[in-house]
Amino acid sequence: MAPRYKAPRGTQDVLPQDSWRWQRVEAAFREVCRRYAYQEIRTPLFEETELFARGVGEGTEIVGKQMYTFEDRGGRSLALRAEGTAPVVRAFLEHSLASTGGTQKLYYSCPIFRYERPQAGRYRQHYQLGVEAIGSPGPEIDAEVIALFHDFLGEIGLQGAVTHLSSIGCPQCRPALSAVLREFFAPHIGEMCEFCQARYESNPLRILDCKVPEDVERRAGAPSALDHLCDACREHFAGVRAALDALHIPYEVDPTIVRGLDYYSRTAFEVIHPGLGAKDVLMGGGRYDGLAEMLGGPPTPGIGFGSGVERLLLVMEGSGMAGWEPAPRLQVYIAAASPEARQPAQLLAAELRKAGLSVDLDFTSRSLKAQMRETARLGARFAALLGEDELKANTVTLRDMESGEQESVPRAEVAGRLRTDKA
Ligand code: HAM
C-alpha cells in the first residue's frame, strides 16, 4: 500500500545511509571555520516578515515570490528563514555585538525556506552553510571569506569549482549605473516582463536578475557595473583582487554577476560548478555595507556567503566522492544464545558503552543464527556471544568478524580487549 503521507513537495528526508555524508560536509565546514576563527551563531527558524522585506528587498524574487509567510496566533506576520544574512545582522544589532570591537566573524549551518520550483539542486527547504564577517570595511576580509570557502572545498576534496568575482558598486556609483542601464533597456522595456518593468524605474540593476528567458536574451551586451564604479569602489575591488592574488586563490572576474538580494554593495561573488544546472550556483555572497543601517542600526560594513549542502553533495556525488567511506558504524554486536542470556547481554552492552564502544544487540528475540547474520549485516567488527557456558564461567566469546577467529575472554577484560582493537 502506498504510504498516505509524503514529505512536502520540494523537501527531502536525509536517511541513515546518506546522513554520514551530510555530517562529513558539515564537520569539514566547522573545522575550516575553526581554523579561520569564525564562531557559530544560531538564529530562530522564523523572523518578522519585515526583516526580510527590508533587508533582502521588496523587489527581489525571494521576498516577492518565495517566502513562507504566516500569521501567528498573536496576529504577527512571520516568515520562515528565507536567507541567513538579515537574521545574523539583526542578532548582531540586537545583542550589540559591535561593542566587543574588531570584526565579528560568525558562521551558521541551518535550513532555509524558499517556495521555488523544485528540481535537482533546488528545494523548498535547503540547508545552508554560511559565514558573515561584520565590522571590517577593508578588502582583506573579502579575500579571507573567499579563501575560507576555497579551503573548505579543498577539505571535502571537491574539484572543478570556479570562483567568479565582481563589484556591483555602492550607492555613490549606483545612480550613474542605473542611468546607463535605463538607457540600454529603454527601447525594449515595453516588451519585457512585469517584474522588469517595475524594476526599470526603482532599481534597473534588478532587471539583470530576471529569469524570464526572453528577458535574459535582451540583456546581452548590457552595461556592466564594473565599468561604472566610483573611485572608492574601484580601489576596493583592486584591493580584493590583490589580496586574493597574494593568497593564490584562483578566480575569474565576471561582470555579469548580479546577486538576487538587494543588500549587496561592492564585492559580489559566486562559485559555479559544471555538475550543477546552468542557473544554479554552488555558493553566493558579497559585501552588504548598507544592511545594518537598513535594519535601523549604525552604519556597519559586512561580508559573507552562503552555500547549499544539497548542491555540495550533488556535485560531490557527480565527481565520484573519491576516498569517501562511511566510518564503521558498530564495533560490537552482542548475541544472546538463550533467553536467560538476554538480560546479561544488555548489562554487558551498558558496560561496554560506558567504556566508549559502539554496541548493539537484538531486541526482537531472534535466534542465535539470525543474530549472527545481523552482526554481519551491520558490519560489526566483533560479535560477543553470551550463552549458558559463558554465563557459568563469567566469560564472553569474542568472534573477530573479519578473520572468523574466536576466543574466550574473561568478562572483566572484554572492554579492554575491544578498546585496544579500536586503537
Ligand atoms: P543565495 O545566493 O540566495 O544567497 O543563496 C546562497 C546559496 O544557497 C546558493 O548559492 C545555493 O548554494 C544555496 N541555495 C539557495 N537557494 C537554494 C535552493 N532553493 N535549493 C538548494 N540550495 C539553494 C544568500 O542566501 C545570501 N544570504 C548569502 C550571503 C551571505 N551573502 C552574504 N552573506
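As the structure lists them, so they are numbered: ligands from 1, and atoms in each ligand from 1. Quick caveat: nothing in here was measured; it's all calculated off a predicted structure.
Proximity of R259 to ligand 1 is established by a heavy-atom distance of less than 4.0 Å. Heavy-atom distances between Y108 and ligand 1 reach below 4.0 Å in at least one pair. Contact analysis puts G121 in contact with ligand 1, with a non-hydrogen atom separation below 4.0 angstrom.
Checked against the 6.0 Å centroid criterion, the rings of Y38 and Y107 do not qualify as a close aromatic pair.
Only backbone heavy atoms of L282 (N, CA, C or O) come within less than 4.0 Å of ligand 1; its side chain stays farther off. Here F269 has no heavy atoms under 4.0 Å from ligand 1, in either its backbone or its side chain. Proximity of R122 to ligand 1, defined as any heavy-atom pair under 4.0 Å, is shared by backbone and side chain alike. When heavy-atom distances to ligand 1 are checked against a 4.0 Å cut-off, F305 comes that close only through its backbone atoms N, CA, C and O.
Per-residue contacts place G308 under 4.0 angstrom from the following atoms of ligand 1 (heavy atoms of the residue considered): 8 (O), 11 (C), 12 (O), 13 (C). Applying the 4.0 Å criterion to heavy atoms of G285 picks out, from ligand 1, the atoms 31 (N). Close contacts of ligand 1 with E132, meaning ligand atoms under 4.0 Å from a residue heavy atom, involve 30 (C), 32 (C), 33 (N).
Side-chain contact between H273 and L158 is present, with at least one heavy-atom pair separated by less than 4.5 Å.
Residue R114 holds the heavy atom nearest to atom 3 (O) of ligand 1 of all those in R114, E61, R117. In this comparison of Q66, Q125, Q128, the heavy atom closest to atom 8 (O) of ligand 1 sits on Q128.
Of the protein's non-hydrogen atoms, E83 OE1, 2.6 Å is the one closest to atom 27 (N) of ligand 1. Looking only at protein heavy atoms, the nearest one to atom 7 (C) of ligand 1 is G306 O, 3.3 Å. With respect to atom 9 (C) of ligand 1, the closest heavy atom belonging to the protein is V281 O, 4.0 Å.
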Residues 319-329 side chain polar contacts: donor-acceptor under 3.5 Å, at least two apart:
residue: S319; atom: OG; partner: V315; partner atom: O; Å: 3.0
residue: S319; atom: OG; partner: M316; partner atom: O; Å: 3.2
residue: W324; atom: NE1; partner: I156; partner atom: O; Å: 3.4

Counting only pairs under 3.5 Å, give me each side-chain donor-acceptor contact of residues 221-229, with atom names and distances, residues two or more places apart or in other chains.
residue: S224; atom: OG; partner: L226; partner atom: N; Å: 3.1
residue: H228; atom: ND1; partner: S224; partner atom: O; Å: 3.1

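Nearest heavy atom pair, residue F152 against residue V25, reads CE1-O, 3.5 Å.
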